Amino acid sequence: MLSDPVLNKKIITVRRVLISVFDKTGIVDFARDLHKLGVEILSTGGTAETLVNHNVPVTDISDYTAFPEIMDGRVKTLNPLVAGGILGLRDLHQKDADLHKIKWIDLVICNLYPFSKIIANPNSDRALALENIDIGGPTLIRSAAKNMGWCGTLVNPEDYATVLNELKSQGGLRFEIRKQLSLKAFGHTAKYDSIIHDFLSEKLFPDDFNLTYEKHSSLRYGENPHQQAALYKIPGFKGNNILNAKIHQGKKLSFNNIMDADNALACVREFSRPACVIVKHANPCGVALGSNPEDVYTRAFQADSVSAFGGIVALNRLCTESTARALSKVFIEIVLAPGFTPEALRIFSKKKNLRILEAEEINPPQAGLEIRHVEGGILVQEKNTDTITKKDLQVVTEKQDFDADTMLFGWKVLKYVKSNAILIAREKTTVGIGAGQVSRIDAVQIALKKSGDQLPGSILCSDAFFPFRDSIDILAGTGIKAIIQPGGSIRDEEVITACNEHGLTMVFTGQRCFKH
């Protein structure tokens, strides 16, 4: 190892390049332009064949190294003539290069086998996945990225034009460009290795937890205008989510728009029947289940029309002309649905700032992990995809009649309301939601106030147990008929007694649904 290495920051002339790419997008035109600039091209197997077929002069790497590709192509660039040509310091290692007939390689153009695409295929197995782990590619990329003083590295076809312009205008590669390309290269291989690690790990929570994302877009700002923000996505993830939704019209999504739309989509996934979810400030404020999109939207909006102002509306059915007309009567930020009729889009087009997001097929919630950042680390947990059915409901009071369908509907929505959470529902429609309170009785009082005259015959849902009977006592005479809650308090008997005194049905689920 050099004791006092000096990083070369001068412009370098590109006389020789090595091209070895799986993704051949734009490579023929780029290589042809490099040849016109007098650059010698070394290349490997399939890439060399592609270039030759398009009449681009190229020297096959096997001819340069005088060593053939072996083991079905597993070994082709792992050779001192290649590694030395990339890694050598031109001001210190020229004698070694001359002695061993090593030619300097000034630019490496390389991208890797599509491991993420292979493992995304349900028909692939571990053997096929392992076969698609690139070895030579990462070695080439890391070597060139390490030697940024003397070598450039290209991993993304989107950068071909930038480098070509640099070579034409500057006569070589400036250090700033080489440094930027090196950073991208190390990010490329780090992401690649992380995907492999996560695939091979058989633990739900491995000892090393890698976060691998790529930039989706820059945002205007974060939660507040003084905070910078950007959106990142999981590489290769093709699911129908907010990041992959088709935006038909409207302004660019903001940080808060994305957060709210994601929560709305997650909640509406819970239902197979036509449903509408309206979210405001990360909480559902109106949700309804019914027979058609216009009906469920109308009931969801009427559940809390004040809070729905400027909210996010998510539907799990095609948005038709009649639904669009109803939606257009009020101010909302986003309409999200699996599809829109041409008539609906025409109606929405009159409201230029309204965002219209098409999420295609809206599938049920999928198991997975969710991540929360804390100072100095992250919290990782399984997503709350558990569902309860009628057989899970344990009636613990003397009175035992209740609307099980509305009760289960309310419990599904409750999973998406910030704790402490109280939700009141009637006829598969929310009528009052108390969200994010530091005491349960406060949440109860807010939900009651929001419910107005919709309380008779309704059901109250609580995301955790009642620690005291005080919340039950204030329900007396309101018209609420039944309560669903997890149970498990040391004062359960006191709470059950209060329900019996007030003629209320109480049902235990045996599990809570906190959302922080």
Side-chain angles (χ1 to χ4, degrees), residues 270 283-285 287 289 303-304 384 386-516:
E270 292 281 347
N283 282 296
C285 59
V287 183
L289 194 64
D304 189 348
N384 183 10
D386 284 354
T387 58
I388 60 172
T389 63
K390 292 179 182 179
K391 67 179 182 179
D392 299 313
L393 303 178
Q394 178 190 1
V395 182
V396 295
T397 50
E398 296 169 358
K399 191 172 182 181
Q400 301 200 0
D401 58 311
F402 59 93
D403 179 353
D405 290 336
T406 293
M407 186 173 279
L408 294 175
F409 158 81
W411 188 259
K412 284 185 176 182
V413 177
L414 196 64
K415 293 196 301 183
Y416 299 91
V417 181
K418 296 282 188 178
S419 300
N420 285 320
I422 295 292
L423 180 150
I424 300 174
R426 190 178 77 171
E427 296 176 354
K428 305 179 190 66
T429 305
T430 61
V431 295
I433 298 175
Q437 300 306 303
V438 293
S439 76
R440 193 152 301 276
I441 193 167
D442 287 345
V444 171
Q445 290 171 331
I446 291 172
L448 288 171
K449 180 180 178 180
K450 285 183 171 289
S451 298
D453 60 0
Q454 300 297 308
L455 287 169
S458 62
I459 290 171
L460 183 143
C461 311
S462 175
D463 65 348
F465 61 66
F466 291 97
F468 306 100
R469 64 172 288 163
D470 50 4
S471 294
I472 308 302
D473 290 333
I474 64 174
L475 301 181
T478 60
I480 288 176
K481 296 297 183 184
I483 299 167
I484 180 172
Q485 62 129 321
S489 168
I490 59 173
R491 293 187 175 86
D492 274 349
E493 288 303 320
E494 175 185 315
V495 172
I496 293 170
T497 298
C499 287
N500 288 332
E501 290 175 4
H502 301 308
L504 299 172
T505 300
M506 177 167 280
V507 172
F508 283 1
T509 65
Q511 64 173 236
R512 73 182 188 193
C513 56
F514 268 171
K515 180 178 174 63
H516 281 75

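Note: hydrogens, waters and symmetry copies are ignored here, and every other heavy atom, side chains too, is used. The first residue in the sequence is number 1, and the count goes up from there. Every value quoted in this text rests on a predicted model; they were computed, and no experiment measured them.
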Checklist line | Heavy atoms from other residues, nucleotides or ligands near CZ of Arg512 exceed 12 (cutoff 6.0 Å) | finding: no
Item checked: Side-chain donor/acceptor of Thr406 to backbone N/O of Lys428, under 3.5 Å -> yes
Note to self: Between Ile422 and Leu448, is there a side-chain heavy-atom distance shorter than 4.5 Å?
What the structure shows: no
Margin query: Side chains of Thr430 and Phe409, heavy atoms from C-beta outward: is any pair under 4.5 Å?
Written below: yes
Notebook entry, point to check: Do side-chain atoms of Ser462 reach the backbone of Gln485 as a donor and acceptor pair under 3.5 angstrom?
Noted result: no
Next item on the list: Drop me the distance from Phe465's CZ to Arg491's CZ, to the nearest 0.5 angstrom.
Entry: 9.5 Å
Checklist line | Expected output: side-chain Ser419 to main-chain Ala421 donor-acceptor under 3.5 Å | finding: no
Checklist line | Contact summary for Gly434 and Ile446, nearest pair of heavy atoms | finding: CA-CG2, 3.8 Å
Check: If you measure only the distance, is there a donor-acceptor pair under 3.5 Å linking the side chains of Thr497 and Asn500?
Finding: no
Checklist line | Separation of Ile484 CD1 from Gln394 CD (nearest 0.5 Å) | finding: 11.5 Å
Next item on the list: Can you tell me which residue pairs pass the salt bridge (Lys or Arg N to Asp or Glu O under 4.0 Å) test with a partner in residues 441-465, sequence neighbours excluded?
Entry: Asp304-Lys450, Arg440-Asp463
Notebook entry, point to check: For the residue pair Cys513 and Leu414, what are the closest heavy atoms and their distance?
Noted result: SG-CD2, 3.8 Å
Notebook entry, point to check: In Å, rounded to the nearest 0.5 Å, how long is the span from CZ of Arg469 to CD1 of Ile496?
Noted result: 12.0 Å
Check: Nearest heavy-atom pair of Ile474 and Thr478: which atoms, and what distance?
Finding: O-CG2, 3.5 Å
Note to self: I need the Asp470 CG to Gln445 CD distance, nearest 0.5 Å.
What the structure shows: 8.5 Å
Check: Taking Asn283 for the side chain and Lys418 for the main chain, is one N or O donor matched with an acceptor at less than 3.5 Å?
Finding: yes
Checklist line | Pairwise ring-ring contact (aromatic ring centres under 6.0 Å, His included) hits with a residue in residues 476-516, at least two apart | finding: Phe514-His516
Notebook entry, point to check: So do Leu475 and Ile483 actually touch side chain to side chain, heavy atoms under 4.5 Å?
Noted result: yes
Note to self: Could you measure the distance from the CD atom of Glu270 to the CH2 atom of Trp411? Nearest 0.5 Å is fine.
What the structure shows: 12.0 Å
Next item on the list: Please examine the side chains of Val287 and Tyr416, heavy atoms only from C-beta on, and report whether any two atoms are closer than 4.5 Å.
Entry: no
Checklist line | Sidechain-backbone polar pair: Asn420 side chain, Gln437 backbone, donor-acceptor under 3.5 Å | finding: yes
Checklist line | Side-chain touch Thr397/Leu504, heavy atoms, less than 4.5 angstrom | finding: no
Item checked: Interatomic spacing from CD1 in Ile480 to CG in Leu455 - rounded to 0.5 Å -> 5.0 Å
Item checked: For Ser451 against Gly432, the heavy-atom pair lying closest together -> OG-CA, 3.4 Å
Next item on the list: Can you see which heavy atom on Ala498 is nearest to which on Ile472, and at what distance?
Entry: CB-CG2, 3.7 Å
Item checked: Any donor-acceptor N/O pair, Thr505 side chain to Lys399 backbone, under 3.5 Å -> yes
Next item on the list: Would you name the heavy atoms of Cys499 and Met506 that are closest together and state the gap between them?
Entry: SG-CE, 3.3 Å
Margin query: Between Lys481 (side chain only) and Asp403 (backbone N and O only), is there a donor and an acceptor less than 3.5 Å apart?
Written below: no
